[in-house]
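Every chain is numbered from 1, with letters handed out A, B, ... down the list of sequences.
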Number of protein chains: 2
Amino acid sequence: MTYEESLAALADPTRRQIYEHVTRSAGSVADISKGFPISRPAVSQHLKVLSDAGLVAAKQQGNRRIYRATPDGLAELRQYLDRLWGDVLGEFAKSFEKEL
Amino acid sequence: MTYEESLAALADPTRRQIYEHVTRSAGSVADISKGFPISRPAVSQHLKVLSDAGLVAAKQQGNRRIYRATPDGLAELRQYLDRLWGDVLGEFAKSFEKEL
DNA sequence: GCTTACGGTAAGTAATGACTTACGAAGAAT
DNA sequence: ATTCTTCGTAAGTCATTACTTACCGTAAGC
């Protein structure tokens with residue numbers, strides 16, 4: 001569960017769409033698959049990547065697994081970007097000083 | 001210059017390293033290439049992707065191009081993640097209510 | 001019991017993309 | 001003027017990965 005994994009997980013367009021869907025409403029794999037033009041195993045594989053990144057988590061409910069979004073992976077990613085943001089603003093300010 | 005581009009740009013490990021390097025200190029393509037085990041054209045291609053995403057920008061200086069990090073692309077990405085963060089926290093809270 | 005629904009995993013394929021070398025254009029230096 | 005540096009781009013190669021179909025285990029329904 002690192003920010004690298006979250007970054008790689010959200011980079012793929014369809015996987016990002018799946019994540020956004022889960023973000024808005026949790027559901028079983030079959031439910032989630034309904035809205036996408038790819039096969040159910042493909043969705044399952046995407047959910048595994050999202051799960052490894054800490055972006056979603058599954059709760060077993062009888063025969064089905066309910067996937068829902070978790071804050072963990074996203075929090076890590078936001079923290080990393082905040083660090084970058086600080087560096088960028090710092091260097092950006094320094095570049096102005098040099099130009100004067 | 002969309003958040004999708006920034007996401008895809010930062011997903012690749014070596015490209016992310018290049019970006020972080022530029023973040024800390026601006027420099028020419030040759031300068032940046034010094035620290036990496038890949039060819040100069042490869043670095044150039046990575047810089048193009050970063051540039052298209054609005055993460056870096058080049059300033060022509062005679063024969064050389066000085067690349068530096070720009071806030072634009074990173075700002076878009078952070079904004080997108082903030083939107084996601086809100087959705088995730090909202091759904092996360094609702095899931096607690098349901099369990100009680 | 002048997003069958004049906006759910007979902008993870010294996011294996012194979014096709015597309016994407018990260019790299020290489022080769023080349024060409026444009027400015028600096030001698 | 002020509003030589004050298006800088007850097008972008010084209011073309012080709014190799015690895016990664018997103019997808020497919022096929023299969024298996026497990027729980028629910030009849």
Sub-3.5 Å pairs of nitrogen or oxygen atoms, protein against nucleotides 11-18 of chain D:
from, atom 1, to, atom 2, distance (Å)
D:dA18, OP2, A:R15, NH1, 2.9

Exercise for review: Please tell me if the side chains of A:V22 and A:L50 come closer than 4.5 Å, counting only heavy atoms from C-beta onward.
Suggested key: no

Point to revise | A:R65 side chain near C:dG8 phosphate (N/O to OP1/OP2, under 4.0 Å) | key: yes

**Study point:** Heavy-atom pair with the smallest gap, counting every atom of A:A42 and A:I38
**Key:** CB-CD1, 3.8 Å

Where do N or O atoms of nucleotides 1-4 of chain C meet protein N or O atoms at under 3.5 Å, pair by pair?
none

Practice item. Give a yes or no on whether A:L10 and B:V49 share a hydrophobic cluster (residues Ile, Leu, Val, Met, Phe, Trp, Tyr; joining criterion: side-chain heavy atoms under 4.5 Å apart). Key: no

Check your understanding: Side chains of A:H46 and A:D12: closer than 4.5 Å at any heavy-atom pair?
Key -> yes

Practice item. Pull out every residue in residues 18-39 of chain B that has a heavy atom closer than 4.0 Å to any atom of DNA chain C, ordered by number, or say none. Key: B:I38, B:S39

Check your understanding: Hey, quick one: are B:Y19 and B:I66 part of the same hydrophobic cluster, counting side-chain heavy atoms closer than 4.5 Å, chains of contacts allowed?
Key -> no

Study note, to complete from the structure: Atom NZ of B:K48 and atom C1' of D:dC7 are separated, to the nearest Å, by 13 Å

Hey, what are the protein-to-nucleotides 22-30 of chain C N/O distances that come in under 3.5 Å?
none

Exercise for review: For the residue pair A:E91 and B:R68, establish whether any side-chain heavy-atom pair is separated by less than 4.5 Å.
Suggested key: no

Practice item. Can you tell me the distance, in whole Å, between the CG atom of A:L47 and the P atom of C:dG7? Key: 10 Å

Practice item. Determine yes or no for a side-chain-to-main-chain donor-acceptor pair under 3.5 angstrom, with B:R15 supplying the side chain and B:A8 the backbone. Key: yes

Review point. Sub-3.5 Å donor-acceptor pair from the side chain of B:S33 to the main-chain atoms of B:V29, do we have one?
Key: yes

Check your understanding: Between A:Y67 and C:dC6, does any side-chain N or O lie under 4.0 Å from OP1 or OP2?
Key -> no

Point to revise | Backbone N/O of B:L74 and side chain of B:S6: donor-acceptor pair under 3.5 Å | key: no

Could you pull out every donor-acceptor pair under 3.5 Å between side chains of residues 76-89 of chain A and any protein atom, sequence neighbours left out?
from, atom 1, to, atom 2, distance (Å)
A:R78, NH1, B:D82, OD1, 2.3
A:Y80, OH, B:E20, OE2, 2.5
A:D82, OD1, B:R78, NH1, 2.4

Exercise for review: State the CD1-CZ distance between B:I32 and B:R65, to the nearest 0.5 angstrom.
Suggested key: 11.0 Å

Practice item. Scan residues 50-72 of chain A for pairs that pass ring-ring contact (aromatic ring centres under 6.0 Å, His included), counting only residues two or more places apart or in two chains. Key: none

Review point. How many Å lie between CG on B:D52 and C1' on C:dG17, as a whole number?
Key: 15 Å

Practice item. Send over the distance from A:L50 CG to C:dG7 C1', rounded to a whole Å. Key: 16 Å

Point to revise | Side-chain touch A:L7/B:R16, heavy atoms, less than 4.5 angstrom | key: yes

